[in-house]
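Note on naming: letters A, B, ... go to the chains in the order of the sequence lines (proteins, then strands), and numbering restarts at 1 for each one. Predicted, not measured: the structure shown is a model, and the values here were computed from it.
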Amino acid sequence: ETGVTQSPTHLIKTRGQQVTLRCSSQSGHNTVSWYQQALGQGPQFIFQYYREEENGRGNFPPRFSGLQFPNYSSELNVNALELDDSALYLCASRLAGGLEQYFGPGTRLTVT
Amino acid sequence: GQQVMQIPQYQHVQEGEDFTTYCNSSTTLSNIQWYKQRPGGHPVFLIQLVKSGEVKKQKRLTFQFGEAKKNSSLHITATQTTDVGTYFCAGQKTSYDKVIFGPGTSLSVIP
């Protein structure tokens, strides 16, 4: 167990809808990253939050947004869902400057 | 932008054979990390390498970081069926920077 939880486990949405995914980081971990993992591919970096501010972003459009809260929880919001957004969404937490990331079990999002 | 590549994409080995996956970054890294993801699971941290030319061992697994800090390898000796999964390398330009993953090497072990 990594101490990182995510909800929901699975989700089915329709194209054009909006979705919010949640992550609860390991206590004391002030850095959280979100990844998108399509089937058979490596995790693609979406963005990173440190002390409630975004401090790194991958090649994802603005309709992917996030929040980090003081209680080590965070959210990933995706607006105007597209079919290609179907993937496993992973959050990972670590201490700032720390090298070991702890991944949650992921949320499997299906867009129809 | 920063890219991390891995070869091979897939490897099928007979149980007891050795296995090696190679990782190459387009930029110099401050550190490289290795993760293992079992089918249906999430990535699990294995190890990090930070020094040029560093070699670390975990039982049958040997990890190396290149002298130029742009490449790395993972070698498994005498594979077992429990080694099945996808092995990812991931690199950072600084320890506060985003972690960029390679595409992974999927290992199948035939009993």
A.B. asks: Need one label for A/Q48: side chain, backbone, both or neither, based on atoms under 4.5 Å from any heavy atom in chain B.
C.D. replies: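 For A/Q48, the side chain is the part near chain B, not the backbone.
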A.B. asks: Got more than 12 heavy atoms from elsewhere within 6.0 Å of CG, A/N71?
C.D. replies: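 Atom CG in A/N71 is crowded, with more than 12 foreign heavy atoms closer than 6.0 Å.
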A.B. asks: Please state whether the side chain, the backbone, both or neither of A/Q37 comes within less than 4.5 Å of a heavy atom of chain B.
C.D. replies: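 Only the side chain of A/Q37 comes within 4.5 Å of chain B.
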A.B. asks: So, do B/F88 and B/Y35 have ring centers that fall under 6.0 Å from each other?
C.D. replies: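 Here the rings of B/Y35 and B/F88 have centres that are no less than 6.0 Å from each other.
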A.B. asks: Below 4.5 Å from any heavy atom of chain B, which atoms of A/R57 appear? Answer side chain, backbone, both or neither.
C.D. replies: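 The backbone, not the side chain.
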A.B. asks: In this structure, is the centre-to-centre distance between the rings of A/F47 and A/Y49 below 6.0 Å?
C.D. replies: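 Yes: the rings meet the under 6.0 Å criterion.
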A.B. asks: Ring centroids only, cut at 6.0 angstrom: are A/H29 and A/Y72 within range, meaning strictly under it?
C.D. replies: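 Ring centroids of A/H29 and A/Y72 are no less than 6.0 Å from each other.
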A.B. asks: Specify which of A/A92, A/S33, A/P43, A/G106 makes the most heavy-atom pairs with chain B at under 4.5 Å.
C.D. replies: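 Ranked by heavy-atom pairs under 4.5 Å with chain B, first place is A/P43.
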A.B. asks: Can you tell whether the side chains of B/R60 and B/D83 come within less than 4.0 Å, N to carboxylate O?
C.D. replies: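 Here B/R60 pairs with B/D83 in a salt bridge, since their nearest N and O are under 4.0 Å apart.
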A.B. asks: Tell me, for B/V50 versus chain A, whether the close heavy atoms (under 4.5 Å) come from the side chain, the backbone, both or neither.
C.D. replies: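 Just the side chain, heavy atoms under 4.5 Å.
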A.B. asks: Are the ring centres of B/F101 and A/Y35 closer than 6.0 Å?
C.D. replies: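 Yes, close enough.
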A.B. asks: For B/Q92, is it the side chain, the backbone, both or neither that has a heavy atom under 4.5 Å from a heavy atom of chain A?
C.D. replies: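 Just its side chain gets close to chain A.
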A.B. asks: Checking B/Q37 against chain A: side chain, backbone, both or neither under 4.5 Å from a heavy atom?
C.D. replies: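 Side chain of B/Q37 only, per the 4.5 Å heavy-atom cut-off to chain A.
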